[in-house]
Each structure stands twice: as structure tokens, then as C-alpha cells.
Amino acid sequence: MRSSWADLAANSAAENAPTANNANNTQAPSRPVYVPPHLRNRGPTQSAPAPASASSSDKFSAPPLSDNVGSRWAPPPRNDYRGRAAGFGNRTGGGGGGWDRREANPFADQDDSEEPLTQQEQENTGINFDAYEDIPVETSGGNVPPPVNTFAEIDLGEALNQNIRRCKYVRPTPVQRHAIPISLAGRDLMACAQTGSGKTAAFCFPIISGIMTGQPAQRPPRGVRTVCPLALVLSPTRELSMQIHEEAKKFAYQTGVRVVVAYGGAPINQQLRELERGVDILVATPGRLVDLLERARVSLQMIRYLALDEADRMLDMGFEPQIRKIVEQMDMPPAGARQTMLFSATFPKEIQRLASDFLSNYIFLAVGRVGSSTDLIDQRVEYVQESDKRSHLMDLLHAQRANGVQGKQALTLVFVETKKGADALEHWLCLNNFPATTIHGDRTQQERESALRSFKSGNTPILVATDVAARGLDIPHVAHVVNFDLPNDIDDYVHRIGRTGRAGKKGLATAFFNENNSSLARSLQDLMQEANQEVPAWLSRFAARSSFGGGKNRRSGGGRFGGRDFRREGSFSRGGSDYHGAGNSSGGYGASGGYGGGYGGGYGGNTAGPGVTSAWD
DNA sequence: CATAATC
């Protein structure tokens, strides 16, 4: 279980109590004082660097994982980060010198080893590495750093490596193999990769590593309550920000790098307190961040890293002004003076054009979608009149009920177009004895979070959602995504069905199509064709009828990628095999199989051995 | 047109 605020407060109080007595010779306990990351977590009275014997030559023997479970704190590791100034090697966890007085163990909810793996965990280890062997990768931009095959090749430092082990990641995912070296080289990046492909780690690892190795930050002026994060991660929904925060805390555990989240719909005071305890990486939704900036509680002047998750959504009509305000009109260093990383599963080229304002000499990276070419997601389209949708859904749910494992119904995520529609459908499902709940923007944040929890746990195996749940959310074991109402944009469809078939597992996606969705017919047909799905004849007729002009909804890059570098438009010829290697592509490893060998574990199907997992998120 | 995003 996650530590509640009450727990944290209690811990914090307990921690503060003894130090309050010798407040004369140490930092005032009630007022957090900025301490650069490399000086944090040292004993309160240690003002000089540790003796050289504690430096990077010291070996840290990792404790067995089982030592880290339960409620006790993990033993403080020695972060012998290679290349750091010698003598800073003994940041001890919970030392109280910095702003990490006590850091909740984000791995505390890991199972004890004596407890058998839950079915969920067994499935989590069932990564189908074979499915990734032939994922196409395209990079463009000048001087692209070569990809790596293992985490060991990347020098992330011992603390981060240990967290990677704790996460049970054994090797980097395709997007990580390419994106991490690019980011570590200090380059700006625009990356297209399916959600669930390990993007969070792909931008978190370089940020955390960079903060640990970088110059200590300047102290902000005394007495000012403004905090100055070094990295900013923006995402379009509160739940996604929460998820990124949870992940990032694991990666940053005992590195001395502090991650704080801020989003709306929750009391701001608690978030302010967390910020005042210090922040290196701020994960936020745009609205709450603007609020914090206007209150001058946060300043962006020290930002070295900017990451936009679901970047195409962040730059679409609804979000763009807020993002521009944050990135261009506050006090953030300009492109070139910071490192900017944009990630999304889809990247329409109009959005790429907008996004290029935020980037400087960037590298474009596209990693083929995992699910599409390998049929991990079984996509079906059924012709259903509006008036028949409910009974049709009932049929699907009945069928799904039989598929449930261990008496529990398999998780079904039902997307609708409107918030009212979501409430109505949930109500109707409950009336008909289907355990359903709903998540959308008219619900309180508490309701949204409890709906998501209840769905994830299987207590309410049917979740009716608007597009708030379409992107990025990692909900393991969604067996079925139903597009009760199809979206107007094919990219939204891609994101929605991406909630299933995750981490190399199979999933089912059913869409209800009727005349109201004519404008989507062509792009849906194309997408399904590219994914080797069976396209019903009636859909092709719709597509032929409604797409004379080519349509606004055509996908920008073809099937294997969520997008293609818009800087290369013009040299691009559709349908050829000149997909890779054209232009200034980073020759040598772009083509399929050109970097084979990285996944040669020989784990066929979905039955990899326990503990064998990848950094899929 | 909808969806999301501060109070």
C-alpha cells in the first residue's frame, strides 16, 4: 500500500522531532532549505565531504530484494556514481541533511517472496520478446547516437541501476534502447512510440541521471517560497500525471532526486507542502502548474529538462495555448538552453510543426507499434445502429463473462464520446447487473481515482470512460476495449485500443460503427489493413464512399509508426521499402533486424520465465 | 461538435 498523507506527515513529524532540539547547529527543521542533490541525505552535522575512502571505489553490495519489502526502509545504498566528484559517495538514505528526510519506499508494496506470485504478476513477466525482434525503428536528425542493447552499456549509476533491478527490468525496450542514448547525449528528442512501450523510463532515466551528475543548482534567494524544479514533465490528464509520478519515484528512489506531482481537483495545500520540501522533477498537468506559476510558488528558471508526454495531445487545439504559456511565456529557459523531449504514440505532422518551436536541433525517433503488425490486438468493427448499441454491448459482456478467470470477469473498458453518455451507460449497466463504474471529467477527482482503482482491482470489471482514459494509462489486464462511440480522430482510436494488448499480451478491441462515423471509415480501414486485420466489406464501401478527397483523417506516416519526421516530407514515397535508411537516417541499425540479438532470450509466446521482464511500463 | 486542463 502506498503511504497516505497521514503516514507521511507522521513520519515527517517523527523525523523532525529530534532535530528540533539541536536546531541551533543545524538547518531549521520546519523551513526546508535548498540542498543540491549531490549533497543531500548526508548526516545533519556533516558539513565536509566524506573521506575519500567512501568514494566511488567503494563496493555496494545490493541487499536481496526481500529485504526491501514490507514496511521497513531499505538499507541505505551507497550511490557510487561513476564520474562524480570523489567524496560525495556517502549519501545515506534518510540522513535528514537534505530535503529527503524520509523517502517512502516505492517498492514497499512488492510481494514477499514467500507469497506466491499473483496471477497478475505472473502475467506481467510474460513478455513476448520475440514480438520485438523485428520492430522497425526510424531515426532522423544529425549525429544520432547509436542505440544500446543492455542497461549495463548505459552508465546510469549504481543507484539507478539498483532501481532498475528492483523494477525487475532486465533489458531496455526498443524506445529505451534508442531514446536513452540520445537523451544522455544531451540532444532534444521527438519520439513516437506506443504507450506501454516504456516511454516513462525512457525520459526519466536520463533526467534522473543528468540531475545526479550535473552541476549543483544555485540556491534560490532566501526566504522566497518559490521552488525551482530542474525538470518538468507535463501530461494531459491527472491520472497520467499520477502514474508518471509513481513510476518516477521508483526510478529516483534513494538517488537524492526528489519527484513531486501537482494536478488539479486535489487540495493544493498538500501539493504546496510537498513542493516546499524540495523538488527536482515536477510532474504536472497544465492547469495546476499555471496556477502555481501565477502564485509564484514555482519558477521554471532552473529547468534543464522538459518532457511532454502525449505531446501531440498537449499541443492540440485545447491545450496548445496553455503549453505555450508555460514553455514560452513564463521564465523557462528557451529551447537550446534546456533539453526537451516529446513523446507520443501518434504525431500528426501539423503537430510536429508546432512542436518544433519547442525543440532545438532535435532527433526524431519512431519505433514501430508493437501490437499492429503482430496482431496482438484483435480489432473488430461491427455495424451497430445507435439504438442497438446497448443490447449489443450486453451481448459482448455476456460473452466476456465466460472468459473471466477465477470467477472474475475479465476487464472491459468501454469508450463513449460524452460525459453524459458515460453516466447514462454506467447507470444502465448497473441496472442490468453488470458491475460498472465510470471515469470522466465531470466526476470529482476522488470519484475518478476510486473508479480507476476499482476497475484495476477487478471489483468493477467494467469501466465506462471518455477520452480522459484514452491515453497513457497503464491498466494491466484489460482484455477488451469497446469503442461504444467511435472517436472522430483515428489517432484517438489508436490510443484507446492501446489500453489493451499491452506488454506483449493479446487484447481484443471491438468498435461499433454506423453512419455517424463515416468520416472515420477510410482511416479506420487503412489502419486495420496495416495491422493485418480483417476489414469487413461494408466498411470498405463506407471508406470508398466517403474518402474521395483523401480525407482529413489520413494517417501521416503509415502503419508501422505513429508518425514520421515531418522534416522529411517530400522525400517520402509511400509504400516502398525506403522507409528506413533514406535521407540522413542513422544508417546501420534502422532496418528491421539490423540490431538483432538484443532480445535473444528465446522466450517464446507469452510464457517467459518468472522474473524475466523488460522495462515495459 | 466533444474531450481534457486551476480555483
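It should be emphasised that the depicted structure is a prediction, and the values quoted were computed from it without experimental measurement. In the text below, chain A, chain B and the rest are named by the order of the sequence lines, each starting its count at 1.
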Plane angle bin for A:Phe512 and A:His392 - parallel if under 30°, tilted between 30 and 60°, otherwise perpendicular: perpendicular

Touch class at under 4.0 angstrom, heavy-atom based, for A:Arg496 against every strand present: nothing

Any A:Arg313 side-chain nitrogen or oxygen under 4.0 Å from OP1 or OP2 of B:dA5: no

Protein-nucleotide distance (A:Ile439, atom CD1; B:dT3, atom P), rounded to Å: 14 Å

Exam field: side chain A:Ser457 to backbone A:Asn459, donor-acceptor pair closer than 3.5 Å: yes

Nearest-neighbour nucleotide for the A:Phe319 side chain, B:dA4, B:dT6, B:dT3 considered: B:dA4

Separation of atom CD in A:Gln445 from atom C1' in B:dT6, rounded to whole Å: 13 Å

Proximity to the side chain of A:Asp291 - top-ranked nucleotide from B:dT6, B:dA5, B:dA2: B:dT6

A:Thr418 side chain, from C-beta outward: closest of B:dA4, B:dA5, B:dT3: B:dT3

Sugar-phosphate only, base, or nothing, as touched by A:Gly318 at under 4.0 Å among non-hydrogen atoms: base

OP1 or OP2 of B:dT6 under 4.0 Å from side-chain N/O of A:Thr285: yes

For atom CD of A:Glu294 and atom P of B:dT6, their distance in whole Å: 12 Å

Sugar-phosphate, base or nothing in reach of A:Asp467, heavy atoms under 4.0 Å: nothing

Nearest-Å distance for atom pair CD/P, residues A:Glu320 and B:dA5: 18 Å

Position toward the 5' end of DNA chain B (nearest nucleotide), A:Arg448 or A:Met317: A:Met317

Length of the CG-C1' vector between A:Asp442 and B:dA5, whole Å: 13 Å

Report, one line per pair, each donor and acceptor closer than 3.5 Å where one atom sits in a side chain of residues 228-242 of chain A; sequence neighbours left out.
| residue | atom | partner | partner atom | Å |
| --- | --- | --- | --- | --- |
| A:Ser235 | OG | A:Thr237 | O | 3.1 |
| A:Ser235 | OG | A:Ser241 | N | 3.3 |
| A:Ser235 | OG | A:Ser241 | OG | 2.9 |
| A:Thr237 | OG1 | A:Leu240 | N | 3.2 |
| A:Arg238 | NE | A:Gly264 | O | 3.2 |
| A:Arg238 | NH1 | A:Gln445 | OE1 | 2.9 |
| A:Glu239 | OE1 | A:Arg448 | NH2 | 2.7 |
| A:Glu239 | OE2 | A:Gln445 | NE2 | 3.2 |
| A:Glu239 | OE2 | A:Arg448 | NE | 2.8 |
| A:Glu239 | OE2 | A:Arg448 | NH2 | 3.3 |
| A:Ser241 | OG | A:Ala284 | O | 3.4 |

Under-4.0 Å side-chain N/O to phosphate OP1/OP2 contact, A:Arg238 with B:dT3: no

Parallel, tilted or perpendicular: ring planes of A:Phe205 versus A:Phe251, cut at 30 and 60 degrees: perpendicular

side-chain hydrogen bond (donor to acceptor under 3.5 Å, both in side chains) against A:Glu294, all qualifying residues, sequence neighbours excluded: A:Lys325

Touch class at under 4.0 angstrom, heavy-atom based, for A:Val290 against every strand present: nothing

Phosphate-side-chain proximity, A:Thr466 and B:dA4, N/O vs OP1/OP2 below 4.0 Å: yes

Protein-nucleotide distance (A:Gln322, atom CD; B:dT6, atom C1'), rounded to Å: 8 Å

Short side-chain N/O contact from A:Lys419 to OP1 or OP2 of B:dA4, under 4.0 Å: yes

Integer-rounded Å distance: B:dA2 C1' and A:Ile490 CD1: 17 Å

Atom-to-atom span, CG of A:Asp316 to P of B:dA5 - whole angstrom: 13 Å

Distance flag, aromatic centroids of A:Phe347 and A:Phe364, threshold under 6.0 Å: no

